[in-house]
Amino acid sequence: MIITSSSTSVAANSTIILLDKCTTLSQVRQIHSYMIKTNLVTTHSLSVAKLISGFSESSNPSQAVMLYAHMLFCVHDLKGIEFSVPSVIKACGRSRAFREAHQILAHVLKTRLWYDPFVTNSVVRMWLELGEIELARKVFDRMPVRDLISWNSLITGYLRDVFMTMKVKDVVTWTTMISACVLNHRPRKGLDLFREMLRIGIRPDAPSIVSVLSAIADLGFVEEGKWIHTYISANKIDRSGSSFIGSALVNMYAKCGQIEHAYHVFRSISHLKNIGDWNSMISGFAIHGLGHEAIKLFLEMEMAELKPDDITFLGLLSACNHGGLTNEGQFYFQTMQVKYNMVPKIQHYGCIIDLLGRAGHLQEALRITYHMPLEPDVLIWKAILSASMKHNKVETARIAALRAIELDPEDSSCYVLLSNMYAKVGMWDEVGKVRTMMKKRGVRKIPGCSSIFVNGKVHEFLIGKAMDLGDNENVHCMIEEMVSKLKLEGYEPDLNQVLLDIEEDDEKESQLALHSEKMALAFGLMNIPHGIPIHIVKNLRICCDCHSFMQMVSKIYKRRIVVRDQNRFHHFENGSCSCNDHW
DNA sequence: TAGAAGTATC
């Protein structure tokens, strides 16, 4: 557990680490009063809230409950302690503290906290975590405000409950759960379930393998993927023409950054390749920015007289988009309509609009947006927004952002992009307004998270924070070293990338240096031997500063770096990136 | 007895 603020002193960090190891209330009390005395933590709510929230996610969540109780009884003038309630509720669930769970619910019911969906949703999740489906339902039925999160929690709870109560489960039961996890963006849970299924002796079949490969592809864990690949061969899992295994393997290797391996698997498919096999390979080339390779494969497919479908064209257009092949993209957008008589779907429009926008043809992109036979969706407006930002069209960006927000008010990325644009041109008042709008609507920015596989283990990083505490301090030192080394070579931090309205450039710079992908990179440099590429997976799009940072590191440290961001792969080598700054 | 659960997507 650690405080996330970059300005936190090393002393405070060490003390908090110490706190994390306490097992009794008296120990927590002792150290906490020491922190107050030495001014490491004031009795102000913010630092206590951080402590409690940190504890609630730590390996010993009961400490959050203890500290909260301690604060309530011993520090009477503590303002804002109610902000810690959701963390305490979470901690009750995680530490299986039934008695405290009932107590805190009684407290919530008596106060205005009952009208805060953030709090009541936490209560629902707590009961579900504790296996109390009926109690969760009772709270759900009675809570005054229900939002999407409330419904999602309940569905997940019911699903898990049904699954847990089934005494006899077969491979289909497990596969249903695994694919539900993948669909709900919980690939790690899906992989865990697959392992559990193997452990209890259920033999996987083709669909279960396909599901878990999809989870692994999302995670980018190539070692796990190789293990499944070996398992398929050793156990002669069905690889007939009707199977999806070929395409799932190609997809897995491509999304794990091993495009050559994906291609090798594609070529070695022994049965007559089905459309899915081709589509996976074309889409694989697309995320690696290999536009020409995708086109070549498409032509080969045509030669083989295989009829492309809408996903083939989406892959192809996306490949042209990521490869910067503007003319080719427009040509194939026509081809699908004229030669193949296909009606483009919203996704095809999205792709071609994005392609035109990136290439600087913003007017043409807008023309299509306003004249297409379908209603433009949020992704199209986001494409227009990105293009406008890239070419400094503030007014178009503003219109596009507002349309996107109107269509999906809960999508934080639209607000972030808009705020990003205002920040870029220094309109800090507008940045503030966007932030207020987000706050009012309860929209929260998705935190950037990067992961890296080192020595058989996945290490995750959030901004300024290694999930594995042991890594944290070394990584911070390494980043400092890297920044100074790069500055000597001309690196200038791109402070426009910092979305917060921070006045001081120093503070902006330290925020920037702590981006999760830089943390993962520093960790990789320290722990991955020379000659072996450093693979990083990021949940969001890589920012411009991190992109140029990686380019420079690849040159100065003579390392190959492969980053998979939300959209595509970036292969950094000798100072340049495979995306040619086109992403 | 077969079937269910499964891939590729801006």
Side-chain angles (χ1 to χ4, degrees), chain A residues 163 169-183 190 193-194 197 202-218 225 228 232 237-255 262 265-266 269 273-287 294 297-298 301 306 308-322 329 332-333 344-358 365 368-369 372 374 376-387 404 413 541 566-568 583:
Chain A
F163 183 73
K169 302 180 182 99
D170 68 0
V171 68
V172 179
T173 325
W174 286 93
T175 308
T176 307
M177 280 303 281
I178 295 166
S179 62
C181 291
V182 177
L183 282 172
L193 282 170
F194 183 81
M197 179 183 93
I202 290 182
R203 191 177 185 277
D205 61 0
S208 60
I209 292 279
V210 169
S211 302
V212 79
L213 278 173
S214 176
I216 292 168
D218 285 354
I228 298 286
I232 294 168
I237 306 277
D238 172 45
R239 286 182 72 173
S240 63
S242 59
S243 156
F244 297 155
I245 284 190
S247 98
L249 275 173
V250 168
N251 176 49
M252 180 277 293
Y253 279 118
K255 287 207 181 131
V265 172
F266 174 76
I269 291 174
K273 291 181 192 53
N274 60 47
I275 184 85
D277 300 328
W278 293 87
N279 288 350
S280 285
M281 195 64 240
I282 290 174
S283 304
F285 282 140
I287 53 170
L297 204 63
F298 174 76
M301 193 176 159
L306 221 82
D309 63 10
D310 54 339
I311 295 169
T312 318
F313 277 108
L314 202 50
L316 192 59
L317 293 176
S318 162
C320 293
N321 189 2
H322 288 306
Y332 286 112
F333 188 58
K345 293 186 173 171
I346 191 93
Q347 293 94 331
H348 299 102
Y349 279 107
C351 208
I352 199 75
I353 288 167
D354 194 31
L355 176 142
L356 290 165
R358 280 172 200 276
I368 298 181
T369 305
M372 57 192 261
L374 302 160
D377 66 2
V378 63
L379 291 171
I380 289 180
W381 287 116
K382 273 160 80 172
I384 298 281
L385 171 56
S386 300
S413 71
R541 220 189 74 151
Q566 200 181 31
N567 288 340
R568 61 167 296 158
W583 85 98

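Residue numbers begin at 1 in each chain, while the letters A, B, ... track the order of the sequences.
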* **Among B:dA4, B:dA8, B:dG6, the nucleotide that comes nearest once only the side chain of A:K255 is considered** => B:dA8
* **Length of the line joining A:W174:CH2 and B:dA5:C1', which is rounded to integer Å** => 14 Å
* **Integer-rounded Å distance: B:dG6 P and A:L183 CG** => 7 Å
* Asked: Nearest-Å distance, CG (A:D205) to C1' (B:dA5)?
  -> 8 Å
* Give the rounded distance in Å between these two atoms: CD1 of A:I282 and P of B:dT9. => 12 Å
* Asked: So, do A:W278 and A:F266 have ring centers that fall under 6.0 Å from each other?
  -> yes
* Asked: Is A:S243 touching bases, backbone alone, or none of the nucleic acid, heavy atoms closer than 4.0 Å?
  -> base
* Between SG on residue A:C351 and NZ on residue A:K345, distance to nearest 0.5 Å -> 14.0 Å
* Structure fact -> Ranking B:dG6, B:dC10, B:dA8 by distance to the side chain of A:N251, first place goes to B:dA8
* Asked: Has A:K169 got more than 12 heavy atoms of other residues, nucleotides or ligands less than 6.0 Å from its NZ?
  -> yes
* **Whole-Å distance separating the CZ atom of A:F298 from the P atom of B:dA8** => 20 Å
* Asked: Where the side chain of A:S208 meets the backbone of A:D205, is there a donor-acceptor pair that is under 3.5 Å apart?
  -> yes
* To do: Kindly point out which of B:dA4, B:dC10, B:dA8 is positioned nearest to the side chain of A:Q347?
  => B:dC10
* For A:R203 and B:dG6, what is the distance between atoms CZ and P respectively, to the nearest whole Å? -> 20 Å
* What is the nucleic acid contact for A:G276, judged by heavy atoms within less than 4.0 Å: base, sugar-phosphate only, or nothing? -> base
* Structure fact -> Atom CD1 of A:I380 and atom C1' of B:dT9 are separated, to the nearest Å, by 14 Å
* Asked: Counting just side-chain N and O atoms, does A:S179 come under 4.0 Å of either OP1 or OP2 of B:dG6?
  -> yes
* Asked: Is the A:Y349 to A:F333 ring centre distance short of 6.0 Å?
  -> yes
* Structure fact -> Considering only heavy side-chain atoms of A:V171, the closest of B:dA8, B:dC10, B:dA5 is B:dA5
* Among the nucleotides B:dT9, B:dC10, B:dA4, which one has an atom lying closest to any side-chain atom of A:D354? -> B:dC10
* Structure fact -> Which of B:dG6, B:dC10, B:dA8 is nearest the side chain of A:L314? It is B:dC10
* In whole angstrom, give the distance that lies between atom CG of A:L193 and atom C1' of B:dA5. => 13 Å
* Structure fact -> Of the listed B:dC10, B:dG6, B:dA8, the closest approach to the A:S211 side chain comes from B:dG6
* Structure fact -> Output for pair (A:I245 CD1, A:L213 CG), nearest 0.5 Å, gives 7.5 Å
* **Sugar-phosphate, base or nothing in reach of A:D277, heavy atoms under 4.0 Å** => nothing
* Could you check whether A:A248 gets within reach of a base, just the sugar-phosphate, or nothing at all, counting any heavy atom under 4.0 Å? => nothing
* Select base, sugar-phosphate, or nothing to describe what A:S283 touches, counting heavy atoms under 4.0 Å on all strands. => sugar-phosphate
* Which part of the nucleic acid does A:N321 contact within heavy-atom distance under 4.0 Å: base, sugar-phosphate only, or nothing? -> sugar-phosphate
* Selection from B:dC10, B:dA8, B:dA5 that lies nearest to any side-chain heavy atom of A:D309 -> B:dA8
